[in-house]
Undergrad: 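I have a structure I would like to understand better, so I am pasting it below and will then ask my questions one at a time.
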Amino acid sequence: MTGIALMGAGRMARVHAASIAEAGAHVATIYDPVDAAARALAATAGARVCASAAEAMGDSAADAIMIATSSDTHVTLLLEAVRTGKPILCEKPLASSFEEARGFVAEVGEEAARRIFLGFNRRFDRGHASLREAVKAGRIGRLEQLIITSRDPYPPPLEYIPRSGGLFRDMMIHDFDMARSIVGRDIVSVTAHGSSVVDPEIGRLGDVDTASVTMLADDGTIITILNSRRSAFGYDQRIEAFGALGMVLSDNPRQSGFRRFTAEDPGTDAPILEFFMERYGPSYTAEIRSFIACASEGREMPVNAVDGLMAIWLAEAATISLKEGRTVRLTRPEDGF
Ligand SMILES: NC(=O)c1ccc[n+]([C@@H]2O[C@H](COP(=O)([O-])OP(=O)(O)OC[C@H]3O[C@@H](n4cnc5c(N)ncnc54)[C@H](O)[C@@H]3O)[C@@H](O)[C@H]2O)c1
């Protein structure tokens with residue numbers, strides 16, 4: 001499998017196009033309604049610009065499809081992509097709302113949904129993956145507490161806030177998926193708190209910029225997720241898993257191994273990484289390699305549209321919890337809230 005039909009020519013499409021080339025495949029066709037963006041990316045990737053998504057997906061030079069478009073277009077494009085029968089990778093989130101995601105999985109069926117790769121790239125981060133493997137291998141005994149910290153260096157432009165879907169669906173969605181992948185148990189309750197202490201304007205636009213969510217798994221494991229839209233010292237991404245026999249930590253990588261020791265400053269490390277492109281760059285490439293390998297061998301995708309539905313279900317529960325000031329109890333996505 002070598003030729004990819006790429007939907008979208010924005011920021012993530014450019015990242016994926018570079019990873020596709022690194023993985024030894026190539027972008028065969030591109031579609032983006034912003035023609036200039038499509039042409040610019042096609043020129044660097046050596047791809048053919050198409051006049052519609054259907055044309056790009058249907059081209060015989062494309063054996064697989066990647067959707068890296070704005071979140072509100074994912075389900076429409078996914079339905080079109082499913083009809084081609086080709087392997088699909090779609091960026092997170094699966095849909096722009098829980099109802100839309102649930103409707104999509106119900107329409108295509110769970111088996112087909114498990115064959116769609118969902119872009120939760122952090123699963124492929126080496127530090128986070130090592131932590132997950134250590135927990136699964138029982139290195140810390142029974143997992144009791146999981147703490148995920150995820151803070152952006154600075155907030156997005158204010159005009160992005162109303163169309164982001166809110167912090168839980170837009171930003172914390174990665175952490176919900178990460179929590180599920182590490183804990184491996186059903187989540188039975190979600191309690192959220194949120195405020196807009198970074199920028200009150202974000203609050204006036206109906207969102208929060210600072211949030212914590214506590215979730216209880218069915219075996220008693222407690223998961224805490226902390227998010228902020230601002231961190232004075234860089235992109236703060238850490239996971240701590242605490243168990244009966246000890247603790248494992250996936251810490252912030254540093255920009256370099258440089259450290260300073262002087263009388264005034266008895267030990268300063270190089271700064272942490274600036275934002276997601278630097279921090280998670282290698283994970284995007286690993287994700288694309290995994291997709292291509294699974295698609296070539298006809299395997300089920302290791303992170304898929306069912307995971308996408310579960311993450312957006314937790315995001316919805318957190319949104320309801322914050323709005324209604326209560327703990328939301330969960331059974332199954334089919335049952336709603
Ligand atoms: N995994 C990650 O770490 C990560 C990081 C950032 C963004 N994302 C996700 O990636 C997706 C794209 O985000 P982005 O930052 O690249 O946005 P972007 O705005 O830079 O690019 C989106 C592109 O999609 C195009 N587009 C819109 N409708 C289309 C359609 N029907 N067909 C084809 N193209 C269409 C737009 O014209 C635009 O060029 C979003 O769903 C976002 O949530 C994921």
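The shown structure was predicted, so the numbers you read here are calculated from the model rather than taken from an experiment. Numbering of ligands and ligand atoms starts at 1, following listing order.
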Undergrad: Taking atom CD of E334 as the centre, does the number of heavy atoms from other residues, nucleotides or ligands within less than 6.0 Å exceed 12?
TA: yes
Undergrad: Is there a polar contact, in the sense of an N or O pair closer than 3.5 Å, between T73 and ligand 1?
TA: no
Undergrad: Pick, from D35, T69, L94, the option with the minimum heavy-atom distance to atom 11 (C) of ligand 1.
TA: T69
Undergrad: Using a 4.0 Å heavy-atom cut-off, say whether K92 meets ligand 1 through its side chain, its backbone, both or neither.
TA: both
Undergrad: Any heavy-atom pair between the side chains of W313 and R102 that's under 4.5 Å?
TA: no
Undergrad: Mind checking whether S70 has a heavy atom under 4.0 Å from ligand 1?
TA: yes
Undergrad: Among R11, R169, M7, which one puts a heavy atom closest to atom 18 (P) of ligand 1?
TA: R11
Undergrad: In ligand 1, which numbered atoms sit nearer than 4.0 Å to a non-hydrogen atom of G8?
TA: 33 (C), 34 (N)
Undergrad: Is the closest heavy-atom distance from P93 to ligand 1 below 4.0 Å?
TA: yes
Undergrad: M12 and F120: same hydrophobic cluster, using ILVMFWY side-chain contacts below 4.5 Å?
TA: no
Undergrad: Select one of side chain, backbone, both or neither to describe which atoms of S71 lie under 4.0 Å from any atom of ligand 1, heavy atoms only.
TA: both
Undergrad: What do we get for A68 next to ligand 1 when only non-hydrogen atoms under 4.0 Å count, side chain, backbone, both or neither?
TA: backbone
Undergrad: Is there a heavy atom of Y280 sitting under 4.0 angstrom from any atom of ligand 1?
TA: no
Undergrad: Between E100 and S96 (side chain of the first, backbone of the second, donor and acceptor by atom type, cut-off under 3.5 Å), is there such a pair?
TA: yes
Undergrad: Which of the atoms in ligand 1, numbered in the order shown and given with their element, are less than 4.0 Å from a heavy-atom of H74?
TA: 41 (O)
Undergrad: Please report whether ligand 1 has a polar contact with M12, defined as an N or O pair separated by less than 3.5 Å (distance criterion only).
TA: yes
Undergrad: For atom 1 (N) of ligand 1, which of L118, N121, D170 has the closest heavy atom?
TA: N121
Undergrad: Which of the numbered atoms in ligand 1 are below 4.0 angstrom from a heavy atom of P33?
TA: 26 (N), 29 (C), 30 (C), 32 (N), 33 (C), 34 (N), 35 (C)
Undergrad: Can you confirm whether the side chains of D265 and T268 place a donor and an acceptor under 3.5 Å from each other?
TA: yes
Undergrad: Would S71 and R163 count as a side-chain contact (heavy atoms from CB on, under 4.5 Å) here? Give the steps.
TA: CA-CA 9 Å; S71 304; R163 57 190 168 87; over 6 Å; no
Undergrad: Quick one: does S283's side chain have a donor or acceptor within less than 3.5 Å of a partner on F124's backbone?
TA: no
Undergrad: Is the number of heavy atoms from other residues, nucleotides or ligands within 6.0 Å of CZ (R139) greater than 12?
TA: no
Undergrad: Check for a donor-acceptor pair, side chain of T221 on one end and backbone N or O of L143 on the other, with a separation under 3.5 Å.
TA: yes
Undergrad: Considering only the protein, which heavy-atom contact is closest to atom 21 (O) of ligand 1, and what is its distance?
TA: G10 CA, 3.4 Å
Undergrad: Counting from 1, what ligand 1 atoms have a heavy atom of G119 closer than 4.0 Å?
TA: 1 (N)
Undergrad: So which bit of Y31 gets within less than 4.0 Å of ligand 1, heavy atoms only: side chain, backbone, both or neither?
TA: both
Undergrad: Under 4.0 Å, heavy-atom basis, I'd like to know which part of D32 is in contact with ligand 1: side chain, backbone, both or neither.
TA: both
Undergrad: Heavy-atom distances under 4.0 Å are what count here, so tell me which part of E91 touches ligand 1: side chain, backbone, both or neither.
TA: side chain
Undergrad: Check if R14 has a non-hydrogen atom at a distance under 4.0 Å from any atom of ligand 1.
TA: no
Undergrad: Hey, what do you get for CG (L226) to CG (D175), rounding to the nearest 0.5 Å?
TA: 9.5 Å
Undergrad: What is the distance from atom CD1 of I88 to atom CZ of F117, rounded to the nearest 0.5 Å?
TA: 13.0 Å
Undergrad: Under 4.0 Å from any heavy atom of Y284, which atoms of ligand 1 are there?
TA: 1 (N), 2 (C), 3 (O)
Undergrad: Give the numbers and elements of all ligand 1 atoms closer than 4.0 Å to a heavy atom of V34.
TA: 37 (O)
Undergrad: Is the closest side-chain donor-acceptor distance between Q237 and R151 under 3.5 Å?
TA: no
Undergrad: Check the surroundings of atom NZ in K136: do more than 12 heavy atoms from other residues, nucleotides or ligands lie under 6.0 Å from it?
TA: yes
